[in-house]
Amino acid sequence: MAPLVLTLLRFGFLALVWVLVLVVIFSLRRDLGVGQRTRVASAETERRGRKAPAPAPAAAVAVESAPRPASELVVLAGSRAGTVIPLGASPLLLGRAQEANLVLDDDYSSGRHARLFPQGSRWFLEDLGSTNGTFIDDAPLTRAQPVEPGQRIRIGKTVMELRP
Amino acid sequence: MNALATDAPSGMNKRKQRPQPTRRTLELFLLVLALGVTALADYLVSSSVGASSNDTSWITHVVVLGALGLGVNISLRLWAKYADPFILPVVVALNGIGLAMIHRLDLASTSAAGSNAATSQLLYTGLGMVCAVVVMWIIRDHRVLRRFTYVWLAASVVLLVLPLVPGLGAGTINGANIWIRIGSFSLQPGEFAKITLALFFASYLGSKRDLILLAGRKIGPLQLPRARDLGPMLVAWAVALGVLVFQRDLGSAIMFFGLFMVMIYVATGRVSWIVIGLVLMAVGAAAAMMFMGHVQRRVNVWLNAFDPSVYEAKGGSLQIVQGLFAMANGGMVGTGLGGGQPYRIPVAKSDMIYASLGEELGLIGMLAVVCLFLILISRGIRAALGARDSFGKLLGTGLSFILALQFFVVTAGVLRVMPLTGLATPFLAAGGSALLANWILVSLLLLISHNARRPSTGGGTLSTTEQGIIDRKVEAKRAQEAGDAGPGAPARPLTGGENA
């Protein structure tokens with residue numbers, strides 16, 4: 001092969017390897033943020049926040065016919081009081097475990113204490129076999145149970161509620 | 001988004017139904033690009049000096065890699081369609097570049113025996129990809145592996161001890177006793193032990209994390225776990241290091257120890273573990289320096305590489321220095337594939353493949369290769385981050401770090417950042433066992449990433465209940481164990497924990 005062609009091919013190879021690297025980096029750029037889910041959820045809250053001051057009439061009708069789904073979980077009391085977690089479409093794990101979505105720094109909470117998950121337009125709370133139990137309005141949870149906005153969820157010393 | 005406003009109650013459903021892209025087509029596109037890289041590398045090698053004019057092996061390489069890569073892509077479509085789309089193309093590209101380099105060194109080799117390494121590498125690549133597909137097909141969901149905690153421990157111990165069994169062990173090859181021979185096959189069981197050890201650490205730490213974190217006494221700022229919680233971990237660690245001392249394989253010892261530290265740190269998030277680990281490592285390193293001749297020699301070779309007496313000594317720094325010369329010869333853009341003299345480096349195909357590639361691809365090419373590794377490792381860790389179960393998180397991190405540590409230890413050795421130790425550069429270096437093990441490792445990573453990116457079942461009752469049952473079992477076991485642990489156990493309010 002002609003030396004010139006060979007040299008060109010050699011440089012072409014270096015270029016091609018870099019093309020591969022750059023194409024990969026370019027196509028994963030939107031994935032670089034941690035947790036697509038949290039981003040979807042926060043974008044959702046943002047949109048709702050913008051919507052809130054001027055609710056569309058159609059939306060008002062919908063609210064009358066059925067309760068609006070909760071959009072955030074607010075911690076009212078306990079070590080994490082004041083925390084607001086936007087609710088997306090994915091379930092939340094509550095507990096002391098580090099992988100929980102709401103990490104409760106609460107001596108009376110278990111590692112994987114309870115799970116809050118959406119179904120239809122409602123959120124359900126399920127106790128995951130915790131040691132000290134989960135309470136909705138002071139009634140202990142025995143199975144997965146729907147939670148309405150305004151009901152008080154208690155885990156140990158932590159009290160939370162859903163807000164629309 | 002108007003749909004959300006007008007139809008609020010079903011808004012949640014709408015969002016759930018938005019399909020998560022599987023990105024398998026993107027994977028296919030990147031795979032074609034990776035095959036292009038492989039093809040060009042192989043073609044350059046085949047048309048270089050030393051090859052016969054009608055060397056068509058590059059076609060074979062590309063066809064085999066392409067067909068099997070497509071096979072993996074299709075099986076991902078079938079069984080793990082949300083798997084990460086970047087892992088497979090990157091691995092195929094690395095494997096292809098390695099294959100081309102090995103073939104290039106085969107061509108330069110004068111002895112007949114040393115000239116078919118590429119064929120065997122291609123064979124093991126194929127076997128590895130088939131194994132990856134089979135693993136995917138059998139396992140489907142990485143969480144099933146969580147149940148076999150002590151099977152993984154036993155398997156690791158057996159795999160690590162095998163080379164020492166008389167009759168099976170192949171004796172000392174290149175200063176390390178890590179091979180077994182069955183018939184005409186020789187195998188490095190330690191390569192597979194790294195996967196089983198990661199599986200053991202992940203499933204053990206995943207279920208015992210709270211106990212390790214919370215039970216036990218506190219001394220100053222350090223919270224020490226109870227001995228029996230840590231027992232199996234220490235057994236695994238001692239066996240890994242003990243056997244490796246007897247097998248004289250420093251590289252694997254560093255890798256196992258690093259894996260152990262990373263996983264326990266990721267599981268507990270305690271800096272005290274890093275402190276304890278570094279102290280243990282310092283003690284181990286000092287002991288190895290004092291009592292083990294070959295470690296001493298390696299450190300000496302590393303520090304005084306350019307001393308003529310060290311250079312000329314048997315087992316001296318010839319290898320490292322030749323590697324450095326080769327990379328210096330390559331310079332910025334390299335000599336081009338087939339244009340350099342990487343065959344002058346001892347063991348250019350396996351341990352020193354980084355230097356061989358460095359000569360022919362130059363700094364620019366090597367940085368691209370390093371980038372490919374970075375992408376691979378970061379995708380593995382990304383999968384671990386996204387995994388929904390602690391076992392998946394730990395396993396993903398562990399497997400990614402196995403790749404990272406291997407690559408770092410070899411590359412740092414070749415670049416004289418730390419003493420050179422014998423480890424295979426993942427996917428690049430010649431070595432059947434390592435290739436097989438790494439392909440299996442990649443298939444596990446793909447499964448974890450599928451699990452991480454898979455759209456949530458929306459807390460659907462089935463999966464929640466299932467997970468709830470598993471959790472309940474774990475909690476019950478934990479409560480039982482904590483019950484006979486007395487005060488300070490995590491099931492009780494921790495106010496009594498301090499005076500345990």
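Note: hydrogens, waters and symmetry copies are ignored here, and every other heavy atom, side chains too, is used. Here is the naming used below: chain letters follow the sequence lines, and residue numbers restart at 1 for every chain.
By the 4.5 Å heavy-atom criterion applied to side chains, B:Leu372 and A:Leu20 are counted as neighbours.
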>> What verdict does the side-chain contact (heavy atoms from CB on, under 4.5 Å) test give for B:Val333 and A:Arg10, after you've listed the backbone C-alpha separation in whole Å, the side-chain angles of each residue and the deciding distance to 0.1 Å?
In response: CA-CA 9 Å; B:Val333 293; A:Arg10 281 170 178 170; over 6 Å; no
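Pairing each heavy atom of A:Val21 with each of B:Ala368, the nearest pair is CG2-O, 3.7 Å. Closest non-hydrogen pair, A:Val24 versus B:Leu30, comes out as CG2-CD2, 4.0 Å. Residue B:Ser47 comes nearest to A:Leu6 through the heavy atom pair OG-CD1, 4.1 Å, listed as atom of the first residue, atom of the second, then distance. Closest approach of B:Leu44 and A:Phe13 over heavy atoms only: CD1-CB, 3.8 Å.
A side-chain donor-acceptor contact under 3.5 Å links A:Trp18 to the backbone of B:Ile364.
For chain A, no part of B:Ser378 is nearby; none of its heavy atoms comes within less than 4.5 Å. The parts of B:Leu337 that come within reach of chain A are both its backbone and its side chain, each placing non-hydrogen atoms under 4.5 angstrom from that chain. Heavy atoms of A:Leu16 lying under 4.5 Å from chain B belong to its backbone as well as its side chain. With a 4.5 Å cut-off on non-hydrogen atoms, B:Leu374 does not touch chain A at all.
A:Leu28 CG to B:Arg382 CZ: the interatomic distance, rounded to the nearest 0.5 Å, is 10.0 Å. To the nearest 0.5 Å, atom OG of residue A:Ser27 and atom CZ of residue B:Phe29 are 8.0 Å apart.
Applying the ring-ring contact (aromatic ring centres under 6.0 Å, His included) criterion to A:Phe124, with sequence neighbours excluded, gives A:Phe117.
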